[in-house]
Student: 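Quick one: the structure is below, and I'll ask about it shortly.
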Amino acid sequence: MALTFDDGPDPESTPRFLDALDALDVRATFFVLGDGVVRHPAVVRETVRRGHELAVHGWSHDRPWRPAPADDVRSLLRAVHAVLEATGRRPRWYRPPYGILTGGRWAAARAVGLRPVLWSVWGRDWTAGATPASVRTAVTAGLRGGGTVLLHDTDRMAAPDSWRVTLDALPGIVNDCRTAGLSVGPLAEHGVRDA
Ligand SMILES: [Zn+2]
């Protein structure tokens, strides 16, 4: 299973996830927003230093209201450069905000050398009513080898403090994966089909 987190970096919550993942001995992929990377470069540097993979979630968390191919390329390139400047590493993956992969965004990703990746299971951890048990149950119900779990390491786009629920759910999710005989890691470590 690939473990992925969206919407960071967040100077308050992301470090808590880094500690929790260390305790679980798990590496993950963080889909970051470029505007957050330039505000909190130390958080993304620390994420890489702890052995995790960074990927691009866009420049900001905007919806594709209308086709804008030139803007799509420009904002993705900006996000790639932000990650590259903060960490010295070029990201490989792209997950569009809201999972809305328009033709324009798909083409923009390919133009800047990113592979679009969505997910196979999510914890619905951004919702106001989510609990650690509900998040764990949602993820565990969809576990399968080669799958990709979507969680969030920040409440930037979610119900306030929802990241605490995700953080509490994390040990159980990792345990369920391991009990099912699945190893947990970043996207770089498992075969990913193009979205
Ligand atoms: Zn998102």
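Each ligand, and each atom within it, is numbered from 1 in the order the structure gives. The model shown is predicted, which means the values in this text are computed figures rather than measured ones.
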Student: Output all residues satisfying side chain to side chain contact (heavy atoms under 4.5 Å, CB included) with Ala20, sequence neighbours left out; order by chain, then residue number.
Tutor: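 Counting only residues at least two positions away or on another chain, Ala20 forms a side chain to side chain contact (heavy atoms under 4.5 Å, CB included) with Leu167, Leu170.
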Student: Of all the N, O or S atoms in His57, which has the shortest distance to the Zn ion (ligand 1)?
Tutor: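 The Zn ion (ligand 1) is closest to the His57 atom NE2, counting only N, O or S.
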Student: Would you say the Zn ion (ligand 1) has His61 as a near neighbour, meaning an N/O/S atom of that residue under 2.8 Å away?
Tutor: yes
Student: Check the pair Val83 / Val44 against side-chain contact (heavy atoms from CB on, under 4.5 Å), numbers first and verdict last.
Tutor: CA-CA 8 Å; Val83 171; Val44 290; over 6 Å; no
Student: Tell me, please, which residues at least two apart from His61 pass side chain to side chain contact (heavy atoms under 4.5 Å, CB included).
Tutor: Asp7, Leu33, His57, Pro97, Tyr98, Met157
Student: Can you tell me if an N/O/S atom from Asp7 lies under 2.8 Å from the Zn ion (ligand 1)?
Tutor: yes
Student: Taking side chain to side chain donor-acceptor pair (under 3.5 Å) as the criterion, tell me which of His152, Glu53, Arg95 meets it with Thr4.
Tutor: Arg95
